[in-house]
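Inspection log for the structure reproduced underneath, given as structure tokens.
For this chain, numbers begin at 1 and follow the sequence in order. Side-chain atoms are counted along with the backbone in the values below, which use heavy atoms only and exclude waters and symmetry mates. Counting starts at 1 for both ligands and their atoms, following the listed order.
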Amino acid sequence: MMAEIHTSGAVLTDLIGLTRDELTTELSALGLPTFRTGQIWHWLYHRGETDFAEMTTLAKPLRGQLAERFTVGRLETAREQRSVDGTIKWLFRFADGNEAETVYIPEEDRGTLCVSSQIGCTLTCSFCHTGTQRLVRNLTSGEIVGQVMAALDAMESWPSNKEGRPITNIVLMGMGEPLYNLDNVAKALKVISDNEGISISKRRITLSTSGVVPEMHRCGAETGVNLAISLHAVTDAVRDILVPINKKYPLADLLQACRDYPGVHNARRITFEYVMLKDLNDSITDARALVRLIKGIPAKINLIPFNPWPGSPYECSDPATIEAFAGVIMAAGYPSPVRRPRGSDILAACGQLKSESQRLRKRDREALPPRPWPSRWNR
Ligand code: SAH
Ligand code: SF4
């Protein structure tokens with residue numbers, strides 16, 4: 001979103017990303033009554049309107065008054081790529097020139113938007129492409145909501161209750177560690193889930209964390225969204241290498257925080273993500289240990305075949321190994337656990353996101369090893 005300036009020279013405040021309470025405060029500073037909040041909210045988040053002049057339920061002078069003080073920002077789309085499998089990846093540019101990626105993944109029964117929470121990441125998980133990029137900064141609430149707004153624009157998905165709307169689910173699984181930016185993420189989720197606006201229910205929103213234990217409870221209490229944990233290993237020795245934050249918050253603490261996650265005993269299952277790395281964490285013994293480790297936690301398991309990137313130090317497990325691992329998980333009662341990589345032709349798969357400044361050249365992309373993908377894994 002660009003900082004816009006009115007012809008009078010006044011800097012305009014962007015309304016996108018403000019919570020309802022914040023919007024009310026802004027409007028009351030103009031002497032407007034509270035019921036205006038609902039009307040304007042409807043235009044912003046139900047209709048997707050960006051021009052005050054078009055907000056026809058408001059009296060004309062009011063529209064003018066709003067336009068003198070406020071703007072309805074949109075992110076600049078630096079690039080849009082569409083994969084052969086229907087996945088779409090956008091590179092969005094923020095007002096300060098920084099960029100982040102957002103991915104849309106269509107499936108039979110849902111359409112999921114994968115949103116970024118930071119530019120880069122402070123953590124350095126050794127299998128993750130984003131982890132090789134240092135943290136530039138947190139995204140603001142407006143920039144997080146802005147990704148959803150821009151995707152809805154691109155998919156012509158207004159009004160927000162449009163029949164067959166393409167985006168039904170949101171995952172905070174893009175760039176960055178959302179629990180290191182929880183204030184802004186929580187605000188953005190409030191806006192996104194508001195049922196008089198974009199109206200994507202909290203039950204259809206999942207936040208993934210590498211395991212920032214001290215923030216997990218607050219996340220559940222303040223946002224009420226589903227939690228996913230980037231587990232990836234069943235021993236501290238291996239997890240210390242793959243997900244170095246484990247040295248600070250080891251497995252026992254992480255799993256306790258999962259047991260204590262608000263709502264978890266109310267049929268709100270926690271998703272455990274597990275990247276399949278050849279000869280590192282993919283043995284049958286590991287699979288059995290995984291089942292033992294999460295015993296008693298209402299859970300789903302998501303096996304993610306490792307998505308390589310140029311220079312990545314690991315290989316993906318063989319399909320047969322993944323199947324055998326999945327067999328143990330399924331026998332323990334967890335259904336369909338393998339996540340099919342989507343949009344790999346446009347580097348949109350898990351862990352492949354990076355900023356444009358560090359983006360891969362086509363030549364590098366083509367050098368990536370092909371990975372066999374048995375059709376029986378396709379859901
Ligand atoms: N920082 C958060 C949110 C990112 S979610 C977190 O780590 O949970 C992205 C998911 O993709 C995480 O589970 C991450 O561990 C996984 N991932 C990262 N790099 C990957 C790769 N190269 N292949 C497959 N999955 C990867
Ligand atoms: Fe950051 Fe998550 Fe990647 Fe780890 S896996 S480096 S926490 S984005």
Side-chain angles (χ1 to χ4, degrees), residues 89 100-103 105 112-136 138-139 144 147 170-182 185 205-213 215-216 219 225-233 238-249 254 257-258 270-278 280-282 300-317 322 337-344 347-355 358 360 365 368-369 371 373:
K89 181 169 84 167
E101 291 184 320
T102 308
V103 180
I105 307 139
T112 304
L113 193 70
C114 177
V115 169
S116 292
S117 58
Q118 297 184 310
I119 298 166
C121 189
T122 46
L123 301 175
T124 52
C125 304
S126 50
F127 55 90
C128 173
H129 201 198
T130 308
T132 64
Q133 186 187 349
R134 65 181 181 83
L135 177 77
V136 178
N138 282 337
L139 294 180
I144 297 167
Q147 295 170 62
I170 304 261
V171 292
L172 276 138
M173 296 188 182
M175 294 166 59
E177 170 48 60
L179 292 193
Y180 277 149
N181 185 19
L182 183 53
V185 165
I205 301 178
T206 302
L207 179 151
S208 173
T209 179
S210 58
V212 184
V213 167
E215 296 290 354
M216 280 167 58
C219 171
V225 298
N226 303 311
L227 188 67
I229 301 287
S230 291
L231 190 68
H232 306 319
V238 177
R239 196 163 189 270
D240 281 351
I241 297 168
L242 298 179
V243 189
I245 197 180
N246 192 70
K247 291 182 203 151
K248 218 166 163 184
Y249 310 117
L254 177 60
C258 290
I270 291 181
T271 303
F272 289 95
E273 299 161 282
Y274 196 94
V275 63
M276 298 299 296
L277 300 166
K278 190 174 183 143
L280 234 157
N281 63 358
D282 61 354
K300 294 183 228 181
I301 297 175
N302 233 279
L303 302 179
I304 315 174
F306 171 64
N307 292 307
W309 32 275
S312 56
Y314 303 113
E315 266 180 74
C316 182
S317 309
I322 298 180
V338 185
R339 186 189 292 176
R340 176 161 53 123
R342 299 294 302 268
S344 11
L347 276 187
C350 302
Q352 293 184 318
L353 304 187
K354 262 197 140 179
S355 296
Q358 313 214 2
L360 301 173
R365 274 204 309 271
L368 289 175
R371 198 185 42 233
W373 187 251

If the cut-off is 2.8 Å, does any N/O/S atom of Cys128 fall short of it from atom 3 (Fe) of ligand 2? yes
Kindly indicate, with the supporting measurements, whether the criterion side chain to side chain contact (heavy atoms under 4.5 Å, CB included) is fulfilled by Leu135 and Tyr180. CA-CA 11 Å; Leu135 177 77; Tyr180 277 149; over 6 Å; no
Does Tyr314 come within less than 4.0 angstrom of ligand 1, counting non-hydrogen atoms of the residue? no
Ligand 1 atoms in contact with [X] (distance to a heavy atom under 4.0 Å):
| X | answer |
| --- | --- |
| Thr209 | 6 (C), 8 (O) |
| Ile304 | 24 (C), 25 (N) |
| Asn307 | 21 (C), 22 (N), 23 (N), 24 (C) |
| Trp309 | 22 (N) |
| Gly174 | 4 (C) |
| Glu273 | 10 (C), 12 (C), 13 (O) |
| Cys128 | 18 (C), 19 (N) |

Check: Thr209/Glu177 side-chain N/O donor and acceptor closer than 3.5 Å: yes
Please check whether Ser230 reaches ligand 1 - meaning an N/O of the residue sits under 3.5 Å from an N/O of the ligand, judged on distance alone. yes
Criterion side chain to side chain contact (heavy atoms under 4.5 Å, CB included) against Ile270, the qualifying member of Thr206, Asn226, Ile301, Ile229: Ile229
Which residue, Asn246, Asn302, Leu254, forms the side chain to side chain contact (heavy atoms under 4.5 Å, CB included) with Leu231? Leu254
Check each heavy atom of Ile229 against ligand 1 and say whether those closer than 4.0 Å belong to the side chain, the backbone, both or neither. neither
Does any N or O in the side chain of Asn181 come within less than 3.5 Å of the main-chain N or O of Gln118, such that one atom is a donor and the other an acceptor? no
Which of the listed options, Gly176, Ser210, Ser312, holds the heavy atom that is closest to atom 3 (C) of ligand 1? Gly176
Note: heavy atom closest to atom 9 (C) of ligand 1, options Met173, Met175, His232, belongs to Met173
Output, in order, the C-alpha distance, side-chain angles, deciding distance and verdict of side chain to side chain contact (heavy atoms under 4.5 Å, CB included) for Thr102 and Leu113. CA-CA 7 Å; Thr102 308; Leu113 193 70; 3.9 Å; yes
Dump the intermediate steps for side chain to side chain contact (heavy atoms under 4.5 Å, CB included) on Cys219 and Val185, then the final yes or no. CA-CA 9 Å; Cys219 171; Val185 165; over 6 Å; no
Between Phe306 and Tyr314, what is the ring plane arrangement, given parallel below 30°, perpendicular above 60°, and tilted in between? perpendicular
Val238 and His232: CA distance, side-chain angles, deciding distance, side chain to side chain contact (heavy atoms under 4.5 Å, CB included) verdict: CA-CA 9 Å; Val238 177; His232 306 319; over 6 Å; no
Proximal atoms of ligand 2 relative to [X] (non-hydrogen, under 4.0 Å):
| X | result |
| --- | --- |
| Gly131 | 6 (S) |
| Leu123 | 6 (S), 7 (S) |
| Ser210 | 7 (S) |

When you compare the side chain of [Y] with that of [X], does any pair of heavy atoms fall below 4.5 Å?
| X | Y | result |
| --- | --- | --- |
| Leu139 | Ser117 | no |
| Leu242 | Leu277 | yes |
| Val338 | Pro305 | yes |

Identify the closest protein heavy atom to atom 4 (Fe) of ligand 2: which residue and atom is it, and at what distance? Cys125 SG, 2.3 Å
The protein heavy atom nearest to atom 2 (Fe) of ligand 2 is Gly176 O, 4.5 Å
From atom 1 (Fe) of ligand 2 out to just under 2.8 Å, does an N/O/S atom of Cys121 turn up? yes
